[in-house]
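Positions are given from 1 along the sequence. Quick note: numbers below take in every heavy atom, side chains included, and nothing from hydrogens, waters or symmetry partners.
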Amino acid sequence: KKIESSKELKWFLIKRFILIMAGVYVGSELISMLYRNVVLPVLFSLVQQQQITIERQTGIPKVLVGGILYLLLDFLPEGTAGVLRGWLGNTMESSLHIHINTVPLTGIWGTFLKVVVFVVFVVLLFITLLPYLVGAFAYYRMVTGKVNELMEQEQEQQKAYARQRNLLLSDIAHDIKTPLTTICGYSKALSDGIVREEEKRQEYLEAVYAKSMRMSELLTLLFEYVKLDSEGYELHLEKGDFAELVRENTALVYKDFEEKQMELNVELPEEVVAYEMDKLQMGRAVMNLLSNAARYGKTGGRVLVRLEERVLTVADDGLEIEPEFAEHIFEPFSRADKARSTSGGSGLGLSIAARIVEMHGGKLELDCHKMDGYTKAFVLRLEAENK
């Protein structure tokens with residue numbers, strides 16, 4: 001989230017800076033043109049004790065249009081711009097019908113006029129700087145507003161993160177407490193000698209072992225999830241064959257599919273699918289998808305493992321996923337009620353897989369549209385071949 005906010009702020013600042021600079025340029029050029037072609041000649045004429053009269057003002061709209069065209073001439077080659085500027089200058093002058101008549105001004109009126117001219121000159125100098133001052137103020141307001149907006153978003157994200165963390169801790173406590181209660185009860189019964197039949201004792205011991213392994217698996221998954229989400233964690237990227245990685249992990253879980261009498265359809269390319277990746281973590285992501293299919297697919301059902309270029313599809317024909325649950329399926333400890341009560345999944349496997357794929361620049365998606373008889377499919381999309 002912080003990375004996305006930083007990118008958003010960076011591009012916002014760049015775009016607003018360009019916009020402000022364009023506005024400053026247009027404003028300063030218009031003021032400069034007006035200053036050079038109209039104001040300065042008038043001031044110099046007054047300082048030289050001359051009187052300026054304007055016979056008529058019907059040409060002012062033409063002058064404004066000519067001023068805009070005069071500004072746009074900066075984008076043309078210098079020679080062409082010079083010729084057109086001369087023509088526009090004559091047109092603007094003839095439109096205003098400006099005449100300068102010499103009238104002697106002496107004494108106190110002459111001095112007063114010169115003071116007024118000086119004050120006007122200073123004011124016009126300030127006006128020349130006005131576009132830069134306005135641009136700086138506008139940029140300050142824009143940046144301040146955007147930063148405040150991002151800070152509010154970050155605060156909301158922190159609140160959401162705190163709520164998610166509390167829910168995560170609650171789920172961890174629930175998932176650890178259940179097997180721990182079984183272990184405590186069975187071990188107490190064995191310790192007190194309540195269970196005397198050897199067959200029953202063996203059953204209790206197997207249950208204690210199974211629950212202990214369940215807790216170990218849960219803690220391992222939790223450790224992996226926290227590690228991936230820790231600040232400063234980096235992937236160890238190296239060039240590898242993604243198709244071979246999928247093939248190896250599919251072979252590792254083949255026995256799980258066989259035990260549930262599931263038909264495994266594997267469609268992997270023979271050629272190398274080169275990709276720069278952390279083989280350990282990407283292998284874990286692929287394994288989690290395959291294990292999820294083996295765990296939640298129906299006995300005697302079908303599983304599809306298909307790789308096309310850099311798009312991996314793992315589909316099964318097990319229970320359909322409810323739409324309201326599908327929206328949160330990649331969140332930690334997200335499980336449907338049926339899955340929680342029957343399959344014993346932790347709800348962390350898909351979260352870990354999604355996080356690993358995201359760190360590789362890809363995306364993990366759930367496709368609930370029935371294709372070829374499969375009820376759901378997890379689609380792992382990697383970017384185009386990285387260098």
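- For Tyr186, the ring-ring contact (aromatic ring centres under 6.0 Å, His included) partners two or more places apart in sequence, or in a different chain, are Tyr204.
- Side-chain atoms of Met287 and Val253, non-hydrogen and from C-beta on, do get closer than 4.5 Å to each other.
- Distance CG/Leu289 to CG/Leu380: 6.0 Å, rounded to 0.5 Å.
- Using a 4.0 Å cut-off between a side-chain N of Lys or Arg and a carboxylate O of Asp or Glu, Asp256 and Lys260 do not qualify as a salt bridge.
- Judged by distance alone, the side chain of Ser216 and the main-chain N or O of Ser212 form no donor-acceptor pair under 3.5 Å.
- A donor-acceptor distance shorter than 3.5 angstrom exists from the side chain of Asp278 to the backbone of Leu280, with no hydrogens or angles considered.
- Counted within 6.0 Å of CD on Glu267, heavy atoms from surrounding residues, nucleotides or ligands total more than 12; the atom is thus considered enclosed.
- For the pair His360/Leu235, a side-chain contact is recorded, criterion being any heavy-atom separation below 4.5 Å from C-beta on.
- Put simply, Phe257 and Val266 are part of the same group of oily side chains (I, L, V, M, F, W, Y) that touch within less than 4.5 Å, one to the next.
- Transitive grouping of hydrophobic side chains (ILVMFWY, heavy atoms separated by less than 4.5 Å) brings Leu290 and Leu252 into a common cluster.
- Under the 4.5 angstrom side-chain criterion for Ile, Leu, Val, Met, Phe, Trp and Tyr, the cluster partners of Met213 are Tyr209.
- For the residue pair Asp367/Tyr374, the side-chain donor-acceptor check at 3.5 Å is not satisfied.
- At least one donor-acceptor pair under 3.5 Å links the side chain of Thr250 to the backbone N or O of Val246.
- Listed by chain and number, the residues in a side-chain hydrogen bond (donor to acceptor under 3.5 Å, both in side chains) with Glu309 amount to none (sequence neighbours excluded).
- Linking Ile, Leu, Val, Met, Phe, Trp and Tyr residues whenever their side-chain heavy atoms come within less than 4.5 Å leaves Val143 and Phe137 in two separate clusters.
- When every heavy atom of Leu264 is checked against every heavy atom of Tyr254, the shortest pair comes out as CD2-CD1, 3.7 Å.
- Counting all heavy atoms, side chain and backbone alike, Leu245 lies closest to Gly283 at CD2-N, 3.8 Å.
- In this structure, Leu312 and Val286 have side chains that are in contact, with non-hydrogen atoms separated by less than 4.5 Å.
- Using a distance-only test at 3.5 Å, with no hydrogens or angles considered, a donor-acceptor pair links the side chain of Thr375 to the main chain of Asp316.
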Exercise. Would Asn265 and Val303 count as a side-chain contact (heavy atoms from CB on, under 4.5 Å) if you check the C-alpha gap in whole Å, the side-chain angles of each, and the deciding distance to 0.1 Å?
Worked result: CA-CA 6 Å; Asn265 300 313; Val303 174; over 6 Å; no

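- Across Glu271 and Ala243, no two heavy atoms sit closer than the pair O-CB, 4.2 Å.
- The closest side-chain heavy-atom distance from Phe378 to Ile329 is below 4.5 Å.
- The distance from the NZ atom of Lys188 to the CD1 atom of Ile183 is 16.0 Å, given to the nearest 0.5 Å.
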Exercise. Please walk me through it: do Arg247 and Glu244 pass salt bridge (Lys or Arg N to Asp or Glu O under 4.0 Å)?
Worked result: CA-CA 5 Å; Arg247 188 177 292 107; Glu244 183 62 25; 2.8 Å; yes

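- Taken to the nearest 0.5 Å, the OG1 atom of Thr299 stands 7.5 Å off from the CE atom of Met262.
- Between Phe330 and Leu364 the shortest side-chain heavy-atom distance falls below 4.5 Å.
- Between the Asn292 side chain and the Asn288 main chain, no donor and acceptor come within less than 3.5 Å of each other.
- No donor-acceptor pair closer than 3.5 Å links the side chain of Thr144 to the backbone N or O of Arg141.
- Annotation for Met215 and Pro179: closest pair CG-CG, 3.5 Å, computed over non-hydrogen atoms.
- Ion pairing between a basic and an acidic side chain is recognised when a charged N comes within 4.0 Å of a carboxylate O; Arg381 and Glu365 show such pairing.
- The line from NZ of Lys177 to SG of Cys184 is 11.0 Å long, rounded to the nearest 0.5 Å.
- Considering every non-hydrogen atom in both Phe242 and Met282, the closest pair reads CE1-CG, 3.8 Å.
- The distance from atom CG of Leu237 to atom CD of Gln281, rounded to the nearest 0.5 Å, is 10.5 Å.
- The side-chain hydrogen bond (donor to acceptor under 3.5 Å, both in side chains) check on Glu308 picks up nothing, with sequence neighbours excluded.
- With contacts defined as side-chain heavy-atom distances shorter than 4.5 Å, the pair Gln202/Glu206 qualifies.
- Side-chain heavy atoms closer than 4.5 Å link hydrophobic residues (I, L, V, M, F, W, Y) into clusters, and following such links, even through other members, never connects Ile194 to Val208.
- Heavy-atom neighbours of Glu259 CD from other residues, nucleotides or ligands within 6.0 Å: above the threshold of 12.
- Checked by atom type and distance alone, the side chain of Asp317 pairs as donor or acceptor with a backbone atom of Arg302 at under 3.5 Å.
- A salt bridge between Glu358 and Arg355 is present, with a side-chain N of the basic residue lying under 4.0 Å from a carboxylate O of the acidic one.
- Other residues sharing a hydrophobic cluster with Tyr140 under the 4.5 Å side-chain heavy-atom criterion for ILVMFWY residues do not exist; the residue is a singleton.
- Listed by chain and number, the hydrophobic cluster partners of Val379 are Val311, where partners are ILVMFWY side chains within reach of under 4.5 Å, directly or through others.
- When every heavy atom of Lys279 is checked against every heavy atom of Glu238, the shortest pair comes out as CD-OE2, 3.9 Å.
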